[in-house]
Number of protein chains: 2
Amino acid sequence: MARERKFSTDELFQATKALLLSHGYEGFTFSLLADSLNVSRGALYKYYENKDELITNYIFYEMDQYLLKLKQINLYQGFEAQLQFLLDLMFSYSNIQKLIKIGQQVPGHQDKFKTIHTDMYRFLQDFVELGKKEGKLKCHLPNNLILGYIFQSVAIPNHSEIPYSLWVSSLKEMICHGILSNN
Amino acid sequence: MARERKFSTDELFQATKALLLSHGYEGFTFSLLADSLNVSRGALYKYYENKDELITNYIFYEMDQYLLKLKQINLYQGFEAQLQFLLDLMFSYSNIQKLIKIGQQVPGHQDKFKTIHTDMYRFLQDFVELGKKEGKLKCHLPNNLILGYIFQSVAIPNHSEIPYSLWVSSLKEMICHGILSNN
DNA sequence: TTTCAAAGTAACACAAGTGTTACTTTGGAC
DNA sequence: GTCCAAAGTAACACTTGTGTTACTTTGAAA
């Protein structure tokens with residue numbers, strides 16, 4: 001009953017993601033997005049009132065997917081298995097942290113994103129508490145700092161192009177046992 | 001022989017810093033800067049051709065100061081003392097990392113900033129090598145990853161407002177020995 | 001084949017940032 | 001007091017992004 005669309009929601013979101021990551025919140029424009037989709041700028045206004053609405057929608061979509069994955073942590077028994085799962089998940093979704101930060105820049109939506117962020121941290125409290133109860137995690141470290149520490153580490157820039165597998169295994173080692181030797 | 005200036009270079013740099021950190025590279029404008037200095041926009045063009053030149057100048061100035069401090073690491077004997085010095089320095093200059101990232105966004109100046117960045121890392125190679133030779137640092141971890149890991153950790157957002165001293169001591173603990181208990 | 005609603009476009013008016021120019025203000029040297 | 005160079009301003013022309021409107025295109029249902 002209608003004309004065929006020139007771009008799917010998925011293509012729209014992929015282009016949005018690429019532009020957000022390369023240009024940041026302030027540098028992202030509908031003109032750039034329209035060009036990258038080979039579509040007129042006006043067409044985008046058929047779907048979103050403005051860039052803030054699009055960005056908010058997109059990042060929420062991305063975070064929903066992420067949270068869904070995250071909740072699979074409960075399929076694993078014991079702290080160590082859950083930690084491995086969490087670390088692997090983080091490395092395969094390493095852009096999410098950047099996107100959340102961008103989301104927090106959207107005027108009038110900071111609260112929404114802060115809420116989601118704290119919700120995510122609250123959801124992982126059980127995981128941290130489990131680690132502490134099992135005697136695996138250091139009890140004197142604040143829960144949220146442990147979580148922030150884990151999430152932050154995937155964002156380290158790899159300037160010297162260390163191979164991915166070495167990168168991941170080294171980071172896991174440092175997160176768990178630090179940079180110092182034990183002797 | 002001339003009229004009195006309405007703002008000093010230091011005031012200019014402080015205002016630039018505040019705006020860069022709050023608005024990012026793309027969001028930083030001469031209009032904002034002029035307003036925050038209570039001066040007309042045109043006046044700024046007396047000193048800098050455009051925002052890129054100002055930002056580059058400012059961040060280089062900031063990094064020069066930082067490198068100067070950093071070189072005091074050689075005043076300390078032994079790896080452990082140097083590590084403590086480095087960690088304390090990082091926490092007191094925690095914004096530098098963000099500013100360097102912003103600098104890397106300046107069109108046509110990415111190379112300059114990458115150079116400075118790698119220079120800084122090269123300067124710290126001695127420190128890392130010393131740690132490895134003394135058997136204090138894990139030898140199998142890539143040098144630049146260790147450095148990136150240390151620098152990145154000061155940028156963790158403190159959403160739950162953990163007191164500064166607990167924040168710093170916890171991070172030092174995690175960087176050195178990880179999040180897991182030893183037993 | 002006609003119809004019509006969704007998809008898309010082109011163009012307008014507006015706002016904000018940029019860089020420049022011609023101008024005024026200031027204050028020490030003379 | 002006069003001069004003049006540095007400091008600062010106001011305004012112009014230009015560019016880019018925004019949101020809207022009137023328009024055309026498309027394709028399946030009737």
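Proteins get letters first, then strands, A, B, ... in listed order; numbering begins at 1 in each.
Counting all heavy atoms, side chain and backbone alike, B:E11 lies closest to B:F7 at OE1-CA, 3.1 Å.
Heavy-atom distances to DNA chain D give each of A:G42 and B:F7 a nearest nucleotide, and the one nearer the 5′ end belongs to B:F7.
With sequence neighbours left out, the salt bridge (charged side-chain N to carboxylate O under 4.0 Å, His left out) criterion links B:D35 to no other residue. Every residue was checked against the salt bridge (charged side-chain N to carboxylate O under 4.0 Å, His left out) condition with B:D52, not counting sequence neighbours, and none meets it. In this structure B:R5 satisfies the salt bridge (charged side-chain N to carboxylate O under 4.0 Å, His left out) test with no other residue, sequence neighbours excluded. Shown here are the salt bridge (charged side-chain N to carboxylate O under 4.0 Å, His left out) partners of A:K172, two or more places apart in sequence or in another chain: A:D88.
Near DNA chain D, meaning a heavy atom under 4.0 Å away, the residues from residues 18-30 of chain A are A:T29, A:F30. Heavy-atom distances under 4.0 Å link DNA chain C to A:V39, A:S40 of residues 33-40 of chain A, given in residue order. Scanning residues 44-54 of chain B for heavy-atom distances under 4.0 Å to DNA chain D yields B:K46, B:Y47.
Within the structure, salt bridge (charged side-chain N to carboxylate O under 4.0 Å, His left out) pairs that include any residue of residues 70-80 of chain A do not occur (at least two apart or interchain). Applying the side-chain hydrogen bond (donor to acceptor under 3.5 Å, both in side chains) rule to pairs touching residues 91-107 of chain B yields nothing, sequence neighbours excluded. Counting only residues at least two apart or in different chains, side-chain hydrogen bond (donor to acceptor under 3.5 Å, both in side chains) contacts with residues 139-157 of chain B comprise A:Y149-B:Y149, A:S160-B:N144, B:Q125-B:N143, B:Q125-B:N144, B:E129-B:N143, B:K132-B:N143. Residue pairs that meet the salt bridge (charged side-chain N to carboxylate O under 4.0 Å, His left out) test with at least one member in residues 138-159 of chain B, sequence neighbours left out, are A:E173-B:K138.
Between A:R5 atom CZ and D:dA28 atom C1' the separation is 18 Å, expressed in whole Å. As rounded to whole Å, 11 Å separates atom P of D:dA7 from atom CD of B:E4. When the P atom of D:dT26 is taken as reference, atom CZ of A:R3 falls 6 Å away, rounded to whole Å.
Residue side chain B:R41 does not reach the base of D:dG8 through any donor-acceptor N/O pair under 3.5 Å, judged by distance alone.
At the phosphate of D:dT9, OP1 or OP2 sits under 4.0 Å from a side-chain N or O atom of B:K6.
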Give every donor-acceptor pair under 3.5 Å between a side-chain atom in residues 58-69 of chain B and any protein atom, sequence neighbours left out.
from, atom 1, to, atom 2, distance (Å)
B:Y58, OH, B:E62, OE1, 2.3

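When atom types are taken as modelled, the side chain of A:K51 and the backbone of A:Y25 share a donor-acceptor pair closer than 3.5 angstrom.
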